[in-house]
Amino acid sequence: MMGSRGTSVVLSRAARMRQKLQSALEASALDIEDVSYQHAGHAAVKDNANETHFNIKVISPKFEGQNLVKRHRMVYDLLTDELNSGLHAISIVAKTPTESGS
């Protein structure tokens, strides 16, 4: 039997994004919705690729004191690898726990 080191698990883009955002932002709520199907056939979507467009809603205490641009930059910076490997577009809603009422 192979140990866990020999096991290769391929995570979906959404799962990788979830891990990165949850870990770095300590999100109290995180919703990632794949809306790629809405963009199938668009010029920027090559070969009807999957997992290219996402809506992200994240609630994080790390957003406290950060303006909207800085919050979005935090999310984009965490997803640089994905954006460089086929992720085409993301829509972001980034709130603090206070703003979300949670």
Side-chain angles (χ1 to χ4, degrees):
M1 280 182 87
M2 291 182 104
S4 60
R5 286 186 203 173
T7 305
S8 176
V9 177
V10 178
L11 297 176
S12 69
R13 185 180 309 277
R16 292 191 307 267
M17 291 168 48
R18 178 173 300 284
Q19 283 183 338
K20 291 173 186 176
L21 295 172
Q22 183 67 52
S23 174
L25 298 175
E26 299 169 8
S28 59
L30 178 59
D31 182 40
I32 299 175
E33 178 187 13
D34 185 347
V35 292
S36 303
Y37 68 92
Q38 295 175 350
H39 303 275
H42 290 190
V45 180
K46 294 178 178 61
D47 304 321
N48 287 322
N50 292 322
E51 294 193 306
T52 56
H53 294 70
F54 288 88
N55 292 338
I56 299 171
K57 294 177 187 167
V58 58
I59 300 170
S60 169
K62 301 251 179 155
F63 295 146
E64 293 286 351
Q66 304 294 325
N67 67 30
L68 190 61
V69 172
K70 287 184 181 175
R71 294 176 188 189
H72 283 215
R73 176 55 51 208
M74 291 167 73
V75 172
Y76 273 101
D77 287 349
L78 290 167
L79 299 178
T80 297
D81 290 346
E82 300 300 334
L83 288 160
N84 290 334
S85 66
L87 177 58
H88 180 69
I90 54 178
S91 168
I92 303 168
V93 174
K95 295 184 177 183
T96 66
T98 304
E99 292 167 342
S100 72
S102 58

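Values below: every heavy atom of this structure, side chains too, minus hydrogens, waters and symmetry copies.
Across all non-hydrogen atoms, the minimal contact from Ala94 to His72 is CB-CD2, 4.5 Å. Among all heavy-atom pairs drawn from Ile32 and Phe54, the shortest one is CG2-CD2, 3.5 Å. The shortest non-hydrogen separation linking Ala27 to Val58 is CB-CG2, 3.7 Å. Heavy-atom minimum distance, Lys95 versus Phe63: O-CD1, 3.3 Å.
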Exercise. List the steps and the verdict of side chain to side chain contact (heavy atoms under 4.5 Å, CB included) for Leu25 and Val75.
Key: CA-CA 9 Å; Leu25 298 175; Val75 172; 4.3 Å; yes
Quiz prompt | Lys20 vs Asp81, side chain to side chain contact (heavy atoms under 4.5 Å, CB included): CA-CA, chis, key distance, verdict | solution = CA-CA 10 Å; Lys20 291 173 186 176; Asp81 290 346; 3.8 Å; yes
Practice problem: Tell me, with the steps shown, if Leu87 and Met17 meet side chain to side chain contact (heavy atoms under 4.5 Å, CB included). | Solution: CA-CA 10 Å; Leu87 177 58; Met17 291 168 48; 4.3 Å; yes
Practice problem: Could you please spell out the steps behind the side chain to side chain contact (heavy atoms under 4.5 Å, CB included) verdict for Thr98 and Glu64? | Solution: CA-CA 9 Å; Thr98 304; Glu64 293 286 351; 3.8 Å; yes
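Counting heavy atoms from C-beta on, the side chains of Ile56 and Leu79 come closer than 4.5 Å. Counting heavy atoms from C-beta outward, Arg71 and Thr96 have side chains that approach closer than 4.5 Å.
Interatomic distance, Arg16 CZ to Ser85 OG, rounded to the nearest 0.5 Å: 6.0 Å. The line from CG of Asp31 to CZ of Arg18 is 7.0 Å long, rounded to the nearest 0.5 Å.
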